[in-house]
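If you're wondering where the values come from, they're calculated on a predicted model, not measured in any experiment. Letters A, B, ... are given to chains in the order of the sequence lines, protein chains preceding strands, and every chain is numbered from 1.
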Protein chains: 2
Amino acid sequence: MPRPTKQDPERGAARTRLLEAARDVIRRQGFAATSVDQLCAAAGVTKGAFFHHFKDKAALGVAAADFWGETTGAFFEGAPYHRPADPLERVLAYIAFRRSIIGDELFEFTCLAGTLAQETYESAPEIGAAAGRAIFGHAATLEADIAAAMAARGISGGWTAASLARHTQTVLQGGFVLAKAGQDPQMVHESLDHLERYIRLLFQAA
Amino acid sequence: MPRPTKQDPERGAARTRLLEAARDVIRRQGFAATSVDQLCAAAGVTKGAFFHHFKDKAALGVAAADFWGETTGAFFEGAPYHRPADPLERVLAYIAFRRSIIGDELFEFTCLAGTLAQETYESAPEIGAAAGRAIFGHAATLEADIAAAMAARGISGGWTAASLARHTQTVLQGGFVLAKAGQDPQMVHESLDHLERYIRLLFQAA
DNA sequence: GATAATACAGACCATCAGGTATGTATGGCC
DNA sequence: GGCCATACATACCTGATGGTCTGTATTATC
């Protein structure tokens, strides 16, 4: 799809640049508060490019959520937390990894999909649905390790691997909300500590 | 401040009606996506009334967050979960109560403060701060019971009553996000189940 | 090498948004 | 009973916003 030029080797990259700009700007300001012009300025492209690639602003929202799902998917797939041989250790390593990627700037580590879902779940269901796919898709990548850990230790206590996988995302999303409310990334660390403690207790691996 | 009239006994109620409308409409659509005109229409008042009571839209946001903190504060204060004599039972009753007030309509039981914080933490810090006061203020009301439960059972394990109190709000806020992302209130129930299980494990009260 | 499709650029437009300015009815107060 | 503050109502203004339209450079294709 990209078709670079001799004069302008960046040609063909407008769509990607818009998606990257959306990722950054929307995480700061939210979807509704972000204008198309602002997105174009941040991406360094014109309005013509925007509406060439996206039917309307909502389509950009859907594409941004999908883009988020794809890029974070690749990012987590290549992350080192898959290395431990023991599945429970992999789950705990996931939490440690999530902790490690939290920095000082809220907009850099919070979740675009969560932000989009919160804002558009009713007014723009297509965007909300795309955000949902990103969140639940990521949660699903944890399921196998959790299930393996349960099997390895013979755990079964009224909860499922899928539900615990989703709960990890609940804690993360909630941590982001509290972090924003308190202007303090530490909130996420705190709740991840509780999550880790919970999982260790569940698996009796003190 | 209200000054009712013979002709119009509703006179004086415009501010409250606007805050109630804000509570409902913003939980559906978000803050930025909600226009002043829409708020006025929902409240059944005119724009003149709006800008008489609020300096600008941001001031309405702050007032709505404060209003949320006050009304929910009174609501939870009068709730029956304070009745058990044992402090741990009160904490567990709080979770059960939160579960019980979840209905079918997302906008009816989700948290205005969480929505506002997510959207305005950077673009309108005054609103974000007000939302933060509501959230952390509510969390603080749980602290005493948690601390009492810890003392009663001699618990001390690298975490504080304040941090566990905040964690309950993390799980709720995250549950709301997942519920919106999945268009399914059940997500909140699921995570509250995990939260309850965690607290029982912490206090060894299976 | 003509054709067609892609990937933009940039001017333009209608609407709507937040906000203001002004007018008016009511009731407290002296 | 005159004055003033409060609590609105209504008309209006201005800039921003989403979206369109037309033009143009580039490249694949035949």
Side-chain angles (χ1 to χ4, degrees), chain A residues 1-22 25-26 28-64 67 116 119-120 123-127, chain B residues 1-22 25-26 28-64 67 116 119-120 123-127:
Chain A
M1 213 172 295
R3 198 181 293 176
T5 299
K6 286 153 197 164
Q7 289 178 11
D8 184 0
E10 288 295 309
R11 193 183 170 84
R15 184 187 150 90
T16 302
R17 299 187 62 177
L18 279 166
L19 292 173
E20 288 167 351
V25 179
I26 294 175
R28 281 181 188 265
Q29 310 188 342
F31 179 74
T34 299
S35 72
V36 172
D37 283 328
Q38 196 178 357
L39 248 14
C40 292
V45 305
T46 62
K47 229 169 178 179
F50 185 100
F51 286 100
H52 171 70
H53 287 289
F54 306 105
K55 179 180 153 283
D56 51 25
K57 195 189 170 191
L60 177 276
V62 173
F67 181 71
L116 285 174
E119 248 187 289
T120 64
S123 41
E126 337 93 68
I127 302 177
Chain B
M1 212 173 294
R3 199 180 293 175
T5 298
K6 286 154 198 166
Q7 290 178 9
D8 184 0
E10 289 294 309
R11 191 181 170 87
R15 185 187 148 92
T16 302
R17 300 188 60 176
L18 278 166
L19 291 174
E20 288 167 349
V25 179
I26 294 174
R28 281 180 187 268
Q29 310 188 342
F31 179 73
T34 299
S35 71
V36 172
D37 284 325
Q38 195 178 357
L39 248 14
C40 293
V45 305
T46 63
K47 227 168 179 177
F50 185 100
F51 286 100
H52 171 69
H53 288 288
F54 307 104
K55 178 178 153 283
D56 51 24
K57 195 189 169 190
L60 176 276
V62 173
F67 180 72
L116 284 174
E119 248 187 289
T120 64
S123 41
E126 338 93 69
I127 302 178

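No side-chain donor-acceptor contact under 3.5 Å links A:Glu119 to the backbone of B:Glu119.
Residue B:Phe50 contributes atom CZ, which lies 17 Å from atom C1' of D:dT10 at whole-angstrom precision. Atom C1' of nucleotide D:dA25 and atom NE2 of A:His52 are separated by 13 Å, given to the nearest angstrom. Atoms CZ (B:Phe51) and P (C:dG18) sit 7 Å apart, rounded to a whole Å.
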Listing, residues 42-52 of chain A side-chain donor-acceptor contacts under 3.5 Å, not counting sequence neighbours, or none:
residue	atom	partner	partner atom	Å
A:Lys47	NZ	A:Asp37	OD1	3.4

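Across all their heavy atoms, B:Ala22 and B:Leu60 have their closest contact at CB-CD1, 4.0 Å. Of all heavy-atom pairs between A:Gly61 and A:Phe31, the closest is CA-CE1, 3.9 Å.
Listed by chain and residue number, A:Gln29 satisfy the side-chain hydrogen bond (donor to acceptor under 3.5 Å, both in side chains) test with A:Gln38 (two or more places apart in sequence, or in another chain).
Recorded end-axis angle for the helix from C:dG1-D:dC30 to C:dC30-D:dG1 stands at 10°, based on five pairs per end and rounded to 10 degrees.
For DNA chain D, no neighbouring residue in residues 28-38 of chain B is found when judged by any heavy atom under 4.0 Å. Within residues 54-64 of chain A, the residues approaching DNA chain D are A:Asp56, A:Lys57, by heavy-atom distance under 4.0 Å.
For residues 52-61 of chain B, there are no salt bridge (charged side-chain N to carboxylate O under 4.0 Å, His left out) pairs, not counting sequence neighbours.
Side-chain atoms of A:Leu18 and A:Phe67, non-hydrogen and from C-beta on, never get closer than 4.5 Å to each other.
Rounded to the nearest 0.5 angstrom, B:Ile26 CD1 and B:Ile127 CD1 are separated by 8.0 Å. Going from atom OG1 of A:Thr34 over to atom CZ of A:Arg28 covers 10.5 Å, rounded to the nearest 0.5 Å. One distance of note links CG of B:Leu39 with CZ of B:Arg17; it measures 12.5 Å at 0.5 Å rounding.
In the interface, the side chain of A:Lys47 is not paired with the base of C:dG10 through any donor and acceptor atom under 3.5 Å apart.
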